[in-house]
Amino acid sequence: MAVALEAIALNKRFNNLQASNNVSLAVEQGEIRGVIGPNGAGKTTLVNLVTGVYKADSGDVKLAGESIVRCDMHEIARRGLVRSFQVTRLFGSLTVAENLRTAFLARRPTDGGDGGAQIDSMLDLTKLRPLANTQAKKLSGGQRALLQMGCGFMVPGSCYVLDEPFSGINPVIKDSIIEMILDVNRRHNATFLIVSHEMTIIRRLCPKVTVMMEGKVAAHGSLDEVARLPEVIAGYLGKALE
Amino acid sequence: MFSTELVAQTAISGVMIGVLYALMALGITFIYSIMRMINWAMGEFYMIGSYLQFMLVAWVLGPDLWWLAILISTAGVFLLGLVVQWGLIKPIFKKPPEMRDDYATVVTLALLLFLRSIATGLAGPNQFTPGSTLPIMMIGPMPMAGARVAAFVFALAALGIFWAVLRYTWYGLALRAASQSRVGVQTAGIDVLSVDRVAFGIGVALAGLAGALLAPVFLVFPTNGMITTVKGFEIVVIGGLGSIPGALIAGILLGLIESFGAAFIDSAYQNIYGFLLVLAILVLRPTGLFGERGREA
Amino acid sequence: MRKFGLLLAAGLAAIGVSAQAQNIGIGLDIPLSAPGDAAGGQMIRRGAEIGIDMVNAAGGVLGKKLELFVTDSQSAPAMGVANYRRLVGENKVVAVTGFFHSSVALGINEVAKEMGVPTLAVQASASDITAKHYDIAFRTHAVDPVRVAAWMEFIKKKGFKKISIIAETTDYGIGLTDETIAQNKSGKAGLDIQKITFDNKATDFTPQLLQIKSFKPDLVLNIGVGTPVDLIMDQATTIGLLPTTPMLISYDAPTRPQYWQLHPKNGEGIYFIAYYSPKSPLSDLGQAFAKAYKEKYKEDPVYGALNGFGAIEILAQGLKAANSTDPKALIKALESGTFKSWPDAPVTFPRADGVYWHNWVPPVLIVHYTKPNQDWKEADIAVTYSKK
Amino acid sequence: MSAFASTGFGRSAITILVAAAVLLLLPLVASSFVLHVATIGFYYVILAASWNLLAGYTGQFSLAHHAFAAVGAYTSGLLGYHWGISFWIGIPAGVLLSAAMGFVLGRLVLKMRAIYLAIATWAFAETVHVYLTADYQFTRGELGLSVKPLFGSVDPLKYYFLFLGLTVVLLIGMRALIDSPLGYFMRAIKDDELRAKSLGIDTTKVKVAIFSLSSAIAGLAGGFYAHYTVLLSPQMIDFSEMAKIVIMVVIGGFGTFLGPIIGAAPVQVVMTYLQSWGEWNLAVFALIVIVLMRFSMEGIAAVFTPLWRRMWRDG
C-alpha cells in the first residue's frame, strides 16, 4: 500500500526545549493511526510541524510522496491535508452555516458550486441544523467540536490530522465524531492521524499507534503490542491504562 | 562644518533628549503590557502634567521648590489616571475580548480630543512656562539648560525606580505576572481590574512626569503633548512593546538619529528620520529590537 | 429604511432653512482651535467684536445693525471653505474677513471668486492671496516683499554681513527666506546668508542652532510661527547664541501679553517686526478703539486686534459708500473709495500690480526691546518702512 | 429560501437604491450649503466604509486610510498643477498609486500583530504628511495645492450627484464583495487567522488584496474630493482626520455593513454644526462620543439591526 503521510527525522527546538527529536513516522493510505504519549511528549508539536504551523529545523514531511515541509499552511491544506485543533478553533462571529461555507470556499473543488448542498448535508450529519444561524461563539463545547470536525469534512481531503478531537465532550457527541471519521475513511479511503488520550476510542479506531515520549518516537505497533513494552509502561501507559 | 565639537555636541544633545522621550515610551509600553491596549491620549496626560507643574510653580510653591512641584504634579496625574481608568477604561474590559482593542482606541481618541479642547477652552491657546532658576551647565563641550539637565537626571532616576519596583517588590511581581497572563493572575487571587487601575495610573503618571519635567524646556500649551507622544510611539516600535531596556535604548537611538539627521543631512526632514527608522525596524524585526517573539498556536 | 431616508432629507432641509436676518451679516473666519494658531485668531476676534459694537453704537449701516458670524477654520482650508459656504449660504453675510493662515485664505478665495462675496484678509501674508488678482480678494496686511525690504534696510543700517535664517518649512518661512535671498541678490547687498529650515512640529532645535552658532552670524532671523519662536529663543540662549548675537523675529509675537512671562531673562535685546506701536500715530478711530479695548481687556491692543477692528470699519464704510449690500457694489466701492482705519493714513484698495492688487500695506516697523520687562509700547523703533 | 443563501446582498442593494432615490430629491429642498455638507458627508461615507472593509472585516486596524485619500487627491492635483494633465488621467493615476502604495504597505505590515500594525501604518501616514509639508517646492506645502474644479465650477449641485452616485456604486460593490468568497475569508481572518490558514485560505493574498483595494477606494474618493475642494493641504493627513474616520465607523457599528454609512452622516453633521461652539466644539463632540461608547458599545447599527430584521420579515 502507498504511504499517504510521512514524517522524516523532524527536529524542532524552542529555546532550551527539544520539542521534536528526530521524529519519523509513515501512515499508509486509508490507515487510521493513533498517536499517544504523556503530556509534553511532543504530539502537538508533531501536528504543528506536519501541518506547517511551525517550520521544522530539519527533516522532511511528505504528503503522497511530495515534500510539503517548505509549503505554507494554506498550501498544505489545499493539497488535502486537513487538521483540527486541540482547543477548538472556529470563526466565533460567523454563524454555524457561515463557518461551513467558509470551510467549503477555502478549498472549493474546481467543479465548484456554492456549497449549498454540502452545507445542507453537513448540517444534518452534525445535527446542528437548528443552530445554523447561531454565531459559533455561542455554541457549547461539544457543538463546537462537532462543527470544527464538520468544517474539516466539507471538502473531502486525502489526509486528516486531528489533535485531541475527543477531549472534554460528552459521549454522544464522541460517538457522532467517531461515526464521521469512520464514514469518511470508508467512503474516500482517507488517511487519519489522531492524537488522543482516550484509549478506548484509540483501541476502537486505530489498528496501529505511535507512542511519543520526550519529543521522540518511543514505539510503533498495535495498542496491545506497545502496551507490553516496558519503557512505554514505565513512561506512560502504566499509569494511563489503570 | 563637521567639526569634532559640533559632532560631540550633537551627540550629547541627542542622548539627553532621547532619555526624555524614553519616559513617554515607557508609559505607553507599560500600559500596553498589562492591559493590552494603546492609550492614544497619552500626550494629553503629558499636557496635564505640564499645566500642573506650571500652576504649582507659578502660583503656589515658587520656582525654588520645582522638584516638589514635579512630585505633586506626577501624583496628580496618577490620581487622574485612576479616575479615568475607573470611569472609561474599566467598562471596556467587561465587554467581549474581540471588541476591546477597537473600543479602547475610540475612547482614548475621544479622550484626546476632549482634554485638548478643554485645555484650550480653560487656559486659552497661549504658552506658559513655569520658569527655572537653575543655571546653564556645561555637559562636556555642550552648554545645557539647567532644567533640561534636571529633567534628564529625574528621568533616569524614574526609569531606575520603575525598574527596581517591577523587579524587587511584591506589587511588581503581580504586575509582571499580569503582563504574562491576565487569567493566570486572576486564578492566583489577584484582582486583575485593580492591577489595571494602578497600571494605568502609573503609565499616565510617567507621561505626566515627563510633562512636568519638560514644562520649562518645551513650554506649556494645549497641544504640547503631541510631539512627545509621536516620539513615544516611535520608540515603542523601535524598542519593542513591553521592554524597559528597549524603551531606553530606542529612545537614545531616536534622539541621536534625529540630532544627527537634522545637523548633518537636512533639518527640514528632522521628523521623518524617526519614521523611516520605525518602518525599517518593522520590516526587519516586526516586534522591535527587544520585543518578544510570540509563539503561535 | 425608507422612512429613515425621508426623515434624513427632511432634517437636512430644516437645517438649510435659516431665519431671514434683519441685520447685515459679516463673516469672521479665524483659527480658534488646534492645529491653528488660536491665539492669533482670538486677537482678531476681539478687535472685530469691538468694531461691530462701535459701528452699531454709531447708528449702524444703511439703517441696519451689523452682526458678526464667527467660524473656526482650525487652519484647514477644507474647513475654511465649508465655513465660507455656510456664512454666505446660511448667514447671508456681505463679506468675510479674518484669515490668519494663508492656506485657508487661498482655499476660500478659490470658492469665493465664484460665489462672489468678497474676502478681506487681515493677517495672512502669502503673495498669492492678492497676486492672483481675483475681484473678491482684498487684504490689509504686510506682504513678504515689504517685510523683507524692512529688514534689509535694518541690516544695511546696522552693517551686518553674515545672516543666519532659521525658517519653518511652510509657505511663510520659505517665502520669506527666498524673498530675502532674492532681495540680497537684486539689491546687491552682498550678504553671506545661511539658510536652515525646520519642521514646525519640532520641539528641539538644538541641532539647528548648533549649526548656526558655528556659522558665527551677525544676525539670526527667527522665521517661525507660534511656539517654535519661543523655543528657538530659549534654546539659542542655552547654547550661548543669545544674547551675544542679535535676533530678529519675523512678526509681532513679542507684543503678545505672554512674552515677558515666557522670556523674563532672555527677552531683552530682541528685535521684531511689528505693524503698530503706540509711538506711531493712530487715527481718531484707532484711538477710540484702543480706549474701548483697554477698558474691556485691561491691556493694550496688538496689531491683530487693531486689524480685526480695522476690517470691520473698512467694510462698514464700504457698505455706506456702496449704499447697498450687494457684493458687486461693495467690491466696486472698496476699489474706488478711500477709507479710514486705525492708522493715521488713508486706506485704499486699487487694482495695482502684482501682490499689491487690492492690498493696503500698513507701515512696517522693526522694534527693539532695550530693557527687561519693557512694555512694548516703550520699546525702541529701529526702522520704520513704508512701501514707496 | 435557505438561511445562508446570499439574500443579504439583495436587501442591501434595494435599500441603498431606495435611499439614493430619496436623496436624489434633496436638492429640491436643501440650500447649497446643506448640499455641500452632504457632498463632503458622502466622501466620508466612502472613506469610512472602505476603512471598515480593512479594519472591521479583515481586522487590520490601519491608521493610514486618510493618507491614501491624500495620495489619490495629491496625485491628480500635482499632475494637473505641474503638467496640466486632466483629471481623466489624474484620478485613475491616483487610484493606481494608492493601490500600489497600499499593496506595499499591506505587505510590510502583513505579519504584525494588531498594535504594531496600527503604529506602523500611523508612522507611514505621518511620513506622507511630513513629506507633503516639507517638499513644498513640488507639493506647495502648507500653502496648499490649487486643483481645477471638476465641472469648471464649485457649485455643489453637480458634485452632490456625482458623490451620491459614486457612493451608491461603491457601497453596492462593497456589499457584493462582503457576500463573495473573499468576504467570507476576510471575516474568517479577522476571527482567527491561524484557523483560516489551516482551512486552506491564502491569508497573505487576502489581506494584501483588501489593503490594496481599500486604499484604491480611498484614493478614488480623494481624487474626486480634490477636484471639488480645489485647494489641497497637508491637513488632509492630520491625525484628527483619521480619528474622525475611526469614530464614524465605531459609532455606527464596527465590522457591520450598515455601521459606517449611518455613523458618517451624524458625525459629519454634528461636527459641522458644532462649529458655533468655537473652541469648545471638539470637547462637546468628544463628550458625545465618550458617552455613546460608555453606554452602548455596539454602535448605532445595533439599534437598527432588529428594526432591519423586522422590516424584511414583515414584507
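Chain letters run A, B, ... following the sequence lines, proteins first, then strands; residues in each count from 1. All values below come from the heavy atoms of this structure, side chains included, with hydrogens, waters and symmetry mates left out.
Note that CZ of D/F124 and CG of B/L276 are 11.5 Å apart. Values are rounded to the nearest 0.5 Å. Atom CZ of D/F285 is separated from atom CZ of B/F114 by 13.5 Å, given to the nearest 0.5 angstrom. Here the OH-CD1 distance, from B/Y32 to D/I119, works out to 8.5 Å after rounding to the nearest 0.5 Å. Taking CZ of B/F275 as the start and CH2 of D/W122 as the end, the distance is 4.5 Å to the nearest 0.5 Å.
In this structure, chain D has a heavy atom under 4.5 Å from the side chain of B/L109, while its backbone stays farther away. Neither the backbone nor the side chain of B/I28 comes within contact range of chain D; no heavy atom of the residue lies under 4.5 Å from a heavy atom of that chain. For a residue to count as touching a neighbouring chain, one of its non-hydrogen atoms must lie under 4.5 Å from one of that chain's; by this rule D/L117 does not touch chain B. Residue D/D191: no heavy atom, backbone or side chain, is found under 4.5 Å from chain B.
When each of D/S198, D/A243, D/A123 is scored by its heavy-atom pairs under 4.5 Å with chain B, the top score falls to D/A123. If you tally non-hydrogen atom pairs under 4.5 Å between each of B/V230, B/L112, B/L111 and chain D, the highest count goes to B/V230. Ranked by heavy-atom pairs under 4.5 Å with chain B, the first of D/L110, D/V289, D/I288, D/L287 is D/L287. Ranked by heavy-atom pairs shorter than 4.5 Å toward chain D, the options B/V236, B/V237, B/V278 are led by B/V237. Put simply, of D/E126, D/R107, D/R195, the one with the most heavy-atom pairs under 4.5 Å next to chain B is D/E126.
Among all heavy-atom pairs drawn from B/A110 and D/A286, the shortest one is O-CB, 3.2 Å.
The one candidate from D/I290, D/V250, D/I251, D/V249 that meets the side chain to side chain contact (heavy atoms under 4.5 Å, CB included) condition with B/V106 is D/V250.
Taking 4.5 Å as the limit, every side-chain heavy atom of B/I38 sits out of range of all side-chain heavy atoms of D/F61.
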